[in-house]
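The block underneath contains the structure these notes are about, expressed in structure tokens.
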Amino acid sequence: MYHTLERRLIQQVRDFLRRTYDLDLPRIVVEQPPKVELGEYAMPLAFELAKKLRKAPRKIAEEIVAGIGPIAGFEKLEVAGAGYINARLQRGEVAAALLADENPKLDVPSGKILVEHSSINPNKAAHIGHLRNAILGDTFVRSLRFAGREVDVQNYIDNTGVQVADVVVGFLYIEKKTRAEVEALAAQPKFDYYCWDLYARVSQWYEQDKQNAQTRLQTLHEIEAGGNETAAIAELISVAVLRRHLETMDRLDIEYDFLPRESEILHLHVWDAAFAKLKDAGVLFYETEGKNKGCWVMQRAGTGKKPETAESAADHAGDADTTKDAQAQNNDDVNGHSEVETERVSEEDQKVIVRSNGTVGYVGKDIAYHMWKFGLLGRDFNYRKFYLYPNQHQCWISAIAGEKEHPHFGDVAEIYNVIDARQSEAQNTVIEALRGLGHNEAAEHYTHFSYEMVALTPRCAAELGYQLSEEDKARPYIEVSGRKGFGVKADDLLDRLIASAKNEVDQRHPQLQENERRDIATRIAIGALRYFMLKYTKPSVIAFDFKDALSFEGDTGPYAQYAVVRATNIFRKGGFDPETFTRQSAKHLSAENFARHFEGAEGTEIWELWLAAAKTAYVVEQCIATTEPAYLAKHAFQLAQLFNYFYHRHPILNEADPERKQFLLATVAVVRRELMRSLAVLGITVPAVM
RNA sequence: GCGCCCGUAGCUCAGCUGGAUAGAGCGGCAGCCUCCGGAGCUGUAGGUCGGGAGUUCGAAUCUCUCCGGGCGCGCCA
């Protein structure tokens, strides 16, 4: 609603400028005035135009306001301050449309989007760092779907790497377990916890004796080769831990569509296909001397000559039709590359893709995987059903021998990879490889959804019983380390949140059944956790502390949930169903009915609440454009805050004037609906009572 | 050494692609249950936006520089 009106306003202003001054502004900035009394939109464009038109800003603003004519949905434009143009909405009309839930269909870009998130090593329990990743990713997926986009969710499983090998080493060489014994353990409920502890012990074991590193290497090779006892045990472990990860994430309503595994990248020769193309395009070159002698290497992203001049960068930003430019530029790049090859890339700027022993490293496999994602490889995985969610949603996994019937994965238009900021260089290298292959459009639609890690406050670390050095105690935060077994496990945190919420619910609602109380507590716990992980913007390191995470008051998920519960209570005690009420009153209340109630200081106060409610879709769009879900968390909180203020000031069920009562109820209904929608995109549901 | 990120109230963080008196939560202090009302509400104190220079009609926001902190730079993943 808010977005549509803004676009209409911009269009009108743009037309006017073209008509009157023969001017075309690339961007017309629209913001909100400091107070609603001044209008709903503010445009400072007169300041910008002052120089071009050689007139005072105020004069220009007056000309625009006088000449622009009527705009649908708007009451009027007016000049404010030194030259702001403020626009006022027809409050009644906007409110009537919002109550009726009229959402003009925006043109949704076609093409499937692939979001990769979680990607947890399947060798130990998931921890709070993984939770941030999964919650960010899942919320982004929900945002895209809310905006009408088709999305596939993938969770990449590195089941043949050193991390899995380490746990295998633990079982075979420290605990000296047989395959059958490992199998029995893997069937136990908290197998991921068992592995968590074992993994930490293996790290210590490596330190004890240099010889042990040899065992590790050998184990890794056996797993990569496949078709042997060690590989079978690795498979058994990684699948069991993976299942646990899916269960943990399902507790938070996080689901996946497809789990591509590294073992299939290896065994289905996905890499071989990519390798041939990379060599042909000259992206990879063979090093004949120095420390990387005998390796296939690639120029590391962000090193060497600057490929883009300031001029071409400006072209990119300004031109809507970038594809052709990009394509042309890419050809230059290819030529540039072959020159570089002869010039030779310095050792420091080389990234080894294929080792001198012929094995391919992580980045190489990732390049192949991403070529597959964009449908550029000419090969596909085989697929097998893996996990059926309680809601009957089917999650698929890659396999050597697959099932005949399966959905089509890959071959998408855009991708988003939710991976923490530490991997930005590796991600950029993959993007550069795509560009080097001539797939510039793919590279343009490749987004590294980068975020910062979750660390622990020194106090939290001490609380968990870890010995801290004096140096550590002085740090703002301490990094989680799976290798040391140092961190907060996802299930533990969730259990603790549920227990804490349950304690409150038990006290507040002793009359309810145990299972009802448990359901309420679970929703509150998930609301608290998801909101906690989303309220910080991505570049901010979260210094985790139980005190903050377990808080249910103030800027938290439960605060927003509680606002919805209050809204629901009004309808319940008034004897209406909120949805039915909304439908009926949308028919009866006209724009004129509404307008009356938005007059005066008190009316403006209520209007502010409607305006905030109108912004949900707009904020979701903003989250997508900036890959920043935190804006939506902020929106939900602000909406809840405004509602609580309104709730406190207006006795609704006791309102004597029936028409006004209906208006107030409509206000509650709309805010409730928009708040629930916002929370749903955040992955938060609302309990019946709190 | 090179690259990326951060520095805003006592603490934790917002501040949308530069725009009108810099906001919120927590904590502190003082208050609010006749009602759909306490996981809530109101009020109050608290800020050289790390320092300096520059661009601009206008800078927390852009550029440079310095200070302080974090992360990355492997024939690991």
Side-chain angles (χ1 to χ4, degrees), chain A residues 27 29 31-35 38 42-44 47-48 50-51 57 80-84 86 121 158 160-163 220 262 287 291-297 300-303 348-349 351-363 365-366 420-426 428 450 452-453 455 457 475-477 479 501 504-505 508 524 528 535-543 545 547-548 551-559 561-563 565-574 619 622 625-626 628 630-631 633-634 637-638 641 644-645 647-654 668 690:
Chain A
R27 265 234 317 278
V29 175
E31 55 201 36
Q32 238 193 296
K35 283 185 175 163
L38 297 168
M43 293 177 288
F47 300 106
E48 204 181 328
K51 229 182 307 175
Y84 283 95
N86 291 343
N121 276 307
D158 180 7
T160 55
V162 277
Q163 294 225 22
L220 183 60
E262 191 171 87
E287 181 56 272
K291 71 175 174 110
N292 295 334
K293 185 178 175 183
C295 299
W296 285 89
V297 302
R300 196 192 300 285
T303 65
E348 274 201 343
D349 294 345
K351 173 71 198 162
V352 171
I353 302 297
V354 180
R355 305 179 188 108
S356 57
N357 67 3
T359 57
V360 57
Y362 160 79
V363 177
K365 282 175 256 185
D366 219 26
D420 82 71
R422 287 171 290 194
Q423 294 209 48
S424 61
E425 205 177 291
N428 287 334
S450 169
E452 270 294 348
M453 62 181 171
T457 61
R475 286 173 179 271
Y477 49 81
E479 209 174 328
E504 289 290 323
V505 177
R508 288 162 202 247
I524 292 170
K535 70 190 254 190
Y536 301 95
T537 53
K538 295 184 301 168
S540 175
V541 175
I542 297 179
D545 199 309
K547 186 175 134 294
D548 301 330
S551 168
F552 298 148
E553 289 166 17
D555 187 9
T556 65
Y559 176 94
Q561 289 172 314
Y562 188 61
V565 168
R566 281 181 147 179
T568 308
N569 281 346
I570 294 171
F571 285 101
R572 200 183 57 234
K573 300 212 172 149
V619 174
Q622 204 180 352
T626 55
E628 182 52 89
Y631 296 135
K634 185 64 67 183
F637 175 65
Q638 279 169 351
Q641 211 172 24
N644 274 332
Y645 178 75
Y647 180 84
H648 187 251
R649 303 233 334 173
H650 304 281
I652 294 159
L653 294 177
N654 290 337
V668 178
M690 276 178 77

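Atom set for the values below is all heavy atoms of this structure, side chains included, hydrogens, waters and symmetry mates excluded. None of the values given here were measured: they were computed from a predicted structure. To find a chain, count down the sequence lines: A is the first, B the second, and so on, and within it residues start at 1.
- Inspection of the A:Asn644 and A:Tyr559 side chains reveals an N or O donor paired with an N or O acceptor under 3.5 Å.
- The side chain of A:Lys51 places an N or O atom within less than 4.0 Å of a non-bridging phosphate oxygen (OP1 or OP2) of B:C57.
- Between the side chains of A:Asn569 and A:Arg566, no donor-acceptor pair of N or O atoms lies under 3.5 Å.
- Toward the 5′ end of RNA chain B lies the nearest nucleotide of A:Ala543, the other residue of the pair A:Ala426 and A:Ala543 mapping further downstream.
- Look at B:G25: its Watson-Crick or wobble partner, with both distances under 3.5 angstrom, is B:C11.
- Residue A:Lys293 is in base contact, counting any heavy-atom pair closer than 4.0 Å across all strands shown.
- Side chain A:Asp366 to base B:A77: no donor-acceptor pair is found below 3.5 Å.
- The side chain of A:Tyr559 places an N or O atom within less than 4.0 Å of a non-bridging phosphate oxygen (OP1 or OP2) of B:C41.
- The side chain of A:Tyr362 places no N or O atom within less than 4.0 Å of a non-bridging phosphate oxygen (OP1 or OP2) of B:G74.
- With hydrogens and angles left out, the side chain of A:Ser424 and the base of B:C4 share no donor-acceptor pair within 3.5 Å.
- Side-chain atoms of A:Gln622 come within donor-acceptor range of the base of B:C16, with a qualifying N/O pair under 3.5 Å.
- The pair A:Arg422-A:Glu479 counts as a salt bridge, with a side-chain nitrogen and a carboxylate oxygen less than 4.0 angstrom apart.
- Under 4.0 angstrom from either OP1 or OP2 of B:C32 there lies no side-chain N or O belonging to A:Arg649.
- Taking a pair to require two hydrogen-bonding distances under 3.5 Å in either a Watson-Crick or a G-U wobble arrangement, B:G19 pairs with B:C57.
- In this pair, A:Tyr84 lays its aromatic ring flat on the base of B:A20, centres within 5.5 Å and planes under 30 degrees apart.
- Counting non-hydrogen atoms under 4.0 angstrom, A:Gly361 reaches the backbone sugars and phosphates but no base.
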- Message: Between A:Asp548 and A:Asp545, does the side-chain contact (heavy atoms from CB on, under 4.5 Å) criterion hold? Intermediate values first, please.
- Response: CA-CA 6 Å; A:Asp548 301 330; A:Asp545 199 309; 3.7 Å; yes
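- Note on A:Asp548: nothing from the nucleic acid sits closer than 4.0 angstrom, heavy atoms only.
- Across every non-hydrogen atom of A:Ser551 and A:Ala528, the tightest pair is O-CB, 4.5 Å.
- Atom P of nucleotide B:C6 and atom NZ of A:Lys538 are separated by 11 Å, given to the nearest angstrom.
- A sub-4.0 Å separation between OP1 or OP2 of B:C76 and a side-chain N or O of A:Arg355 is present.
- The side chain of A:Pro539 sits closest to B:C6 out of B:C6, B:G40, B:C36.
- Nucleotide B:C2 forms a Watson-Crick or G-U wobble pair with B:G72, both donor-acceptor distances falling under 3.5 Å.
- Shown here, B:U34 forms no base pair; nothing in the strands shown gives a Watson-Crick or G-U wobble contact with both key distances under 3.5 Å.
- Heavy atoms of A:Gln163 sit nowhere under 4.0 angstrom from any nucleic acid atom.
- Residue-level contact check: A:Ala42 touches the bases, meaning some heavy atom is under 4.0 Å from a base atom.
- Using a 4.0 Å cut-off, no side-chain N or O of A:Tyr477 falls inside it from OP1 or OP2 of B:G69.
- Remark: A:Arg475 is not in phosphate contact with B:G69, judged by side-chain N or O atoms under 4.0 Å from OP1 or OP2.
- Contact annotation: A:Gln32 side-chain N/O to B:G19 OP1/OP2 distance is not under 4.0 Å.
- Checking the phosphate oxygens (OP1, OP2) of B:C75, a side-chain nitrogen or oxygen of A:Lys291 falls inside 4.0 Å.
- Side-chain N/O atoms of A:Gln423 and A:Tyr362 include a donor and acceptor closer than 3.5 Å.
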